[in-house]
Amino acid sequence: MEFLDPALDDYVAKSTTAEPDALHKLNRETHLKVLQPRMLSGHIQGRVLSMLSHMIRPERILEIGTYTGYSAICLAEGLREGGRLDTIDINEELQPMVEKYLALTENTERIRMHIGPALEVIDTLEVPFDIVFIDADKINYINYYEAVFEKLRPGGYIIADNVLWSGKVIDESEIAEDPDTAALVEYNRFARADERTENVLFPVRDGLMISRKKPL
Ligand code: SAH
Ligand code: CA
């Protein structure tokens, strides 16, 4: 489901800075060779993630759900001098493609890919994060939020993708029958009710929930 009228969506794309060349190629190769290419963030959301990262100027970013590396490369664009992004994916088959495209960007040295189940890898990462981008299995979104919370600096951000789930989050029969829809509804409710954060659900593409950890 597209939330915006296609002509308006087109206008939004035209009025937004174009995809950098390496990302354009990565987008195309993902569509040609990888299963479920719709999972890739794409032009507009990629530029949104890059813009948010430039606004925050993070030193450390954690991404949960690398896929072919598109969103990692976008988020890394706003890293501060000396900063670094850690990204986790359970699917090791993706690694060669991620590495190929990282080599085409300026941020090769600043991005580290970890292979494994995210909850296990998160346990091995110390150091406070400024941004955590949650974009892996929807069932575990609340677990990811809880697992990273103490590793997020006060004033840091948790950004969760696909929280509108093509609009299914307001469809009672989907909520009853589809575990991913139910998990995302639960996530949105949980984040909204958490007194430790301020939350805004941005209706960008498939929905981005941005939670800001209140300063102590
Ligand atoms: N962030 C990417 C898209 C991520 S797609 C982008 O915007 O371009 C979701 C990814 O989560 C898939 O690559 C999948 O392999 C990964 N994933 C699913 N379950 C996982 C788990 N338990 N631990 C780590 N990664 C997982
Ligand atoms: Ca996503």
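In this text the structure is predicted, and so the values were computed from the model without any measurement. Indexing begins at 1, ligand by ligand and atom by atom, following the structure's order.
Classification of D86 and R60 as a salt-bridged pair holds, one side-chain N sitting under 4.0 Å from a carboxylate O. A salt bridge links E77 with R47: the distance from a Lys NZ or Arg NE/NH1/NH2 to an Asp or Glu carboxylate oxygen falls below 4.0 Å.
At least one heavy atom of L94 sits closer than 4.0 Å to an atom of ligand 1. Heavy atoms of N140 stay at 4.0 angstrom or farther from ligand 1. G69 does not count as a contact of ligand 1, since none of its heavy atoms falls under 4.0 Å from the ligand.
Ligand 1 has a nitrogen or oxygen under 3.5 angstrom from a nitrogen or oxygen of G65. When only interatomic distances are considered, the shortest N/O to N/O separation between S71 and ligand 1 falls below 3.5 Å.
In this structure, D130 contributes its side chain and E59 its backbone to a donor-acceptor pair below 3.5 Å. Between the side chain of H24 and the main chain of H43, no donor-acceptor pair closer than 3.5 Å is present. Formation of a donor-acceptor pair under 3.5 Å by the D89 side chain with backbone atoms of T66 is found in this model.
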Salt bridge (charged side-chain N to carboxylate O under 4.0 Å, His left out) between K168 and D180: does it pass, once the steps are laid out? CA-CA 10 Å; K168 293 179 194 167; D180 287 336; over 6 Å; no
Are V148 and I122 close enough, and set up right, to give a side chain to side chain contact (heavy atoms under 4.5 Å, CB included), and what steps lead you there? CA-CA 7 Å; V148 300; I122 290 167; 4.0 Å; yes
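For ligand 1, the atoms closer than 4.0 angstrom to any heavy atom of N91 are 15 (O). Close approach to P117 involves these atoms of ligand 1, each under 4.0 Å from a residue heavy atom: 23 (N). Atoms of ligand 1 lying under 4.0 Å from any heavy atom of L40, numbered from 1 in the order shown and given with element: 8 (O). Ligand-side atoms of ligand 1 in range of T66: 2 (C), range being under 4.0 angstrom from any heavy atom. Listed by number with element, the atoms of ligand 1 under 4.0 angstrom from any heavy atom of Y70 are 8 (O). Distances below 4.0 Å separate heavy atoms of G116 from the following atoms of ligand 1: 23 (N), 24 (C).
Taking E106 as the reference, nothing meets the side chain to side chain donor-acceptor pair (under 3.5 Å) condition, with sequence neighbours excluded.
When side chains are defined from C-beta on, S211 does not count as touching D194, because their heavy atoms never get closer than 4.5 Å. Side-chain atoms of D171 and T181, non-hydrogen and from C-beta on, never get closer than 4.5 Å to each other. A heavy-atom distance below 4.5 Å is not found between the side chains of Y67 and D135. Under the 4.5 Å side-chain criterion, counting only non-hydrogen atoms from C-beta, I158 is not in contact with K213. Between N199 and M209, some side-chain heavy-atom pair lies under the 4.5 Å cut-off.
Ranking the protein heavy atoms by distance from atom 22 (N) of ligand 1 puts Y144 OH, 3.3 Å first. Considering only non-hydrogen protein atoms, atom 11 (O) of ligand 1 sits nearest to A136 CA, 3.4 Å. Ranking protein heavy atoms by distance to atom 20 (C) of ligand 1, first place goes to D137 OD1, 3.5 Å. Looking only at protein heavy atoms, the nearest one to atom 15 (O) of ligand 1 is D89 OD1, 2.6 Å. Nearest protein heavy-atom contact of atom 23 (N) of ligand 1 is A118 N, 2.9 Å. Scanning the protein for heavy atoms near atom 7 (O) of ligand 1, the closest one is S41 OG, 2.6 Å. Annotation: atom 25 (N) of ligand 1 to nearest protein heavy atom, I90 N, 3.2 Å. Remark: minimum distance from atom 9 (C) of ligand 1 to any protein heavy atom is reached at D135 O, 3.2 Å.
With no hydrogens or angles considered, a side-chain donor-acceptor pair links Y70 and E19 at under 3.5 Å. Checked by atom type, the side-chain pair T197/Y145 shows a donor-acceptor distance below 3.5 Å.
Atom 5 (S) of ligand 1 has its nearest heavy-atom neighbour, among M39, Q36, R38, E63, in M39.
Around the Ca ion (ligand 2), the protein contributes the following N, O or S atoms under 3.0 Å, ordered by chain and number: D135 OD1, D135 OD2, D161 OD2, N162 OD1.
Put simply, the residue from I159, L152, L52, L85 that forms a side-chain contact (heavy atoms from CB on, under 4.5 Å) with I131 is I159.
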